[in-house]
K.L.:
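Pasting a structure here, questions to come.
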Amino acid sequence: MSRLITRRNFLRSSAVAGSGLILAGCDQFNFLGDKTNPVRHVMEQANVLTYNVQRTLIGDQTLAREYSASEIRQGQRPNGSTDPSTPEYTFLKMQNFEPYRLTIKGMVEREVSFSLAELRNMPVRSQITRHDCVEGWSCIAKWTGTPLGPILDMAGVKPHARFCVYHCYDNIQRTLSGDILYYESSDLVDAYHPQTILSYGLNDQVLPVANGAPVRLRIERALGYKQPKYLHTIELVDDLSAFGKGKGGYWPDQGYDWYGGI
């Protein structure tokens, strides 16, 4: 059932398919910055409908397809930022990430943090899945890490929390007023999904810097930009308006779909 209704198939049948867009690169979506653009309006309505349909028809625990090791035919393609230059990240990289801590905070009973060594000693899950980029390419890779759900339970998520906001070291954009750091978010359904892991391994090797070391979130039922790299803090909140431009992520702030489901 999980393949019957997807964001990609829905958009193919929408007016977007007739707009002549070719998914060759992120700059193809510059029109999304124009709130008066009718194509943007159609996409927004399609995204809302797709989210509601998937949440209604597809079970919360439905798994993304997993592949065999023989289907890994190339290395995982890096994209976006591949080596953050923030002082904090530069220091951690020089120390081989030994001082790294992942923090869970916000609407939780207790703020907790974990070193990379502690994360590696937690229950492990490996999964071979397909990474689908909004630019139009895909890549099959093996990701290894610890499931996010049990870590959230250690912090004790409060009843009114609705979203996880994922804060990253990635200074994706530099402006005259300073760096803009990458962030993303998900609802708690995706955060607690059994395939949502804090990945520290890629294709049986330590996760490379170019792919998001030391920790990259994997939400396997979503597009690539929903898999934030260089993750350092997860904040539980009941509203997304206080972050960035209030759309729930760096690319959603630029007009992309917040849900990003596939």
Side-chain angles (χ1 to χ4, degrees), residues 1-17 19 21 23 26 28-29 32 39-67 76 79-80 125 127-141 143 147-149 152 161-166 168 182-199 212 216-229 231 234 237 240 243-244 246-262:
M1 179 179 288
S2 64
R3 303 302 297 176
L4 291 178
I5 300 178
T6 67
R7 175 181 180 275
R8 187 164 294 174
N9 289 336
F10 184 92
L11 291 181
R12 282 200 188 105
S13 63
S14 72
V16 175
S19 68
L21 290 176
L23 297 182
C26 291
Q28 298 291 328
F29 290 83
L32 290 173
V39 178
R40 169 176 169 154
H41 177 71
V42 171
M43 286 191 72
E44 287 176 342
Q45 297 306 310
N47 291 329
V48 171
L49 178 58
T50 303
Y51 174 75
N52 291 334
V53 167
Q54 286 191 313
R55 282 288 181 261
T56 300
L57 297 183
I58 300 174
D60 291 352
Q61 302 296 301
T62 300
L63 300 179
R65 178 182 173 184
E66 296 190 18
Y67 296 79
Q76 174 65 31
N79 68 311
R125 178 182 174 93
Q127 53 206 30
I128 300 175
T129 54
R130 191 179 71 188
H131 178 101
D132 290 309
C133 181
V134 72
E135 296 175 9
W137 56 267
S138 300
C139 194
I140 295 173
W143 301 93
L148 174 57
L152 296 179
R162 298 177 58 206
F163 307 102
C164 288
V165 178
Y166 307 105
C168 306
Y182 197 87
Y183 81 102
E184 252 303 336
S185 64
S186 75
D187 61 16
L188 294 184
V189 171
D190 279 337
Y192 275 96
H193 188 270
Q195 289 174 313
T196 296
I197 63 173
L198 299 166
S199 178
R216 176 179 193 162
L217 183 71
R218 295 296 304 175
I219 301 177
E220 299 295 357
R221 300 192 300 181
L223 289 165
Y225 63 85
K226 300 295 291 186
Q227 328 288 333
K229 301 186 288 185
L231 180 64
I234 300 174
V237 300
L240 297 173
F243 303 93
K247 301 299 184 181
Y250 174 80
W251 285 114
D253 282 345
Q254 316 309 313
Y256 282 57
D257 173 23
W258 169 75
Y259 175 47
I262 54 175

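Because only heavy atoms are used, hydrogens play no part in the values below, and waters and symmetry mates are left out as well, while side chains stay in. This structure is a prediction, so every number in the text was calculated from the model and none was measured.
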K.L.:
With rounding to the nearest 0.5 angstrom, report the OG1 to CZ distance, Thr129 to Arg65.
P.N.:
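The OG1 atom of Thr129 sits 11.5 Å away from the CZ atom of Arg65.
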
K.L.:
Check salt bridge (charged side-chain N to carboxylate O under 4.0 Å, His left out) between Arg218 and all other residues, then give those that pass, not counting sequence neighbours.
P.N.:
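Salt bridge (charged side-chain N to carboxylate O under 4.0 Å, His left out) check on Arg218 returns Glu220.
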
K.L.:
Holding to side-chain contact (heavy atoms from CB on, under 4.5 Å), I want the full list of residues that pass it with Ala141, two or more places apart in sequence or in another chain.
P.N.:
Gln76, Trp143, Leu202, Asn203

K.L.:
Could you pull out the closest heavy-atom pair between Gly80 and Lys229, with the gap in Å?
P.N.:
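Smallest interatomic distance, heavy atoms only, reads C-NZ, 4.4 Å.
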
K.L.:
Could you report the tightest heavy-atom contact between Ile219 and Ser186, atom names first, then the distance?
P.N.:
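Nearest pair, atom of Ile219 first, then Ser186: CD1-CB, 3.9 Å.
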
K.L.:
Starting from the C-alpha separation in whole Å, work towards a yes-or-no answer on side-chain contact (heavy atoms from CB on, under 4.5 Å) for Asp257 and Tyr225.
P.N.:
CA-CA 10 Å; Asp257 173 23; Tyr225 63 85; 3.7 Å; yes

K.L.:
Can you sort out the partners of Asp253 under side-chain hydrogen bond (donor to acceptor under 3.5 Å, both in side chains), two or more places apart, ordered by chain and number?
P.N.:
Tyr183

K.L.:
Side-chain contact, heavy-atom cut-off 4.5 Å: Asp190 with Arg221?
P.N.:
yes

K.L.:
With side chains defined as the heavy atoms from C-beta onward, is the minimum distance between Trp251 and Leu223 less than 4.5 Å?
P.N.:
no

K.L.:
So, His193 side chain and Gly149 main chain: donor-acceptor pair closer than 3.5 Å or not?
P.N.:
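Between the backbone of Gly149 and the side chain of His193 there is no qualifying donor-acceptor contact (under 3.5 Å).
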
K.L.:
Identify, with sequence neighbours excluded, every residue that meets side-chain contact (heavy atoms from CB on, under 4.5 Å) alongside Ser185.
P.N.:
Val165, Leu240, Trp258

K.L.:
Identify, with sequence neighbours excluded, every residue that meets ring pair (Phe, Tyr, Trp, His ring centres under 6.0 Å) alongside Tyr192.
P.N.:
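Per chain and number, Tyr192 pairs via ring pair (Phe, Tyr, Trp, His ring centres under 6.0 Å) with no residue.
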
K.L.:
Taking side-chain hydrogen bond (donor to acceptor under 3.5 Å, both in side chains) as the definition, give me every residue that meets it alongside Ser199, ordered by chain and number, with sequence neighbours left out.
P.N.:
none

K.L.:
If we check side chain to side chain contact (heavy atoms under 4.5 Å, CB included) with Leu217, which of these qualifies: Ile234, Ile197, Leu148?
P.N.:
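When Ile234, Ile197, Leu148 are each tested with Leu217, the side chain to side chain contact (heavy atoms under 4.5 Å, CB included) holds only for Leu148.
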
K.L.:
Mind checking salt bridge (charged side-chain N to carboxylate O under 4.0 Å, His left out) for Lys226 and listing every partner two or more places apart, or none if nothing turns up?
P.N.:
Glu184

K.L.:
Side chain of Gln195, backbone of Gln127: donor and acceptor closer than 3.5 Å?
P.N.:
no

K.L.:
Are the side chains of Tyr67 and Arg130 in touch, meaning some heavy atoms are under 4.5 Å apart?
P.N.:
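They are in side-chain contact.
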
K.L.:
Excluding sequence neighbours, so at least two apart, what forms side-chain hydrogen bond (donor to acceptor under 3.5 Å, both in side chains) with Tyr250?
P.N.:
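Listed in chain order: Gln173.
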
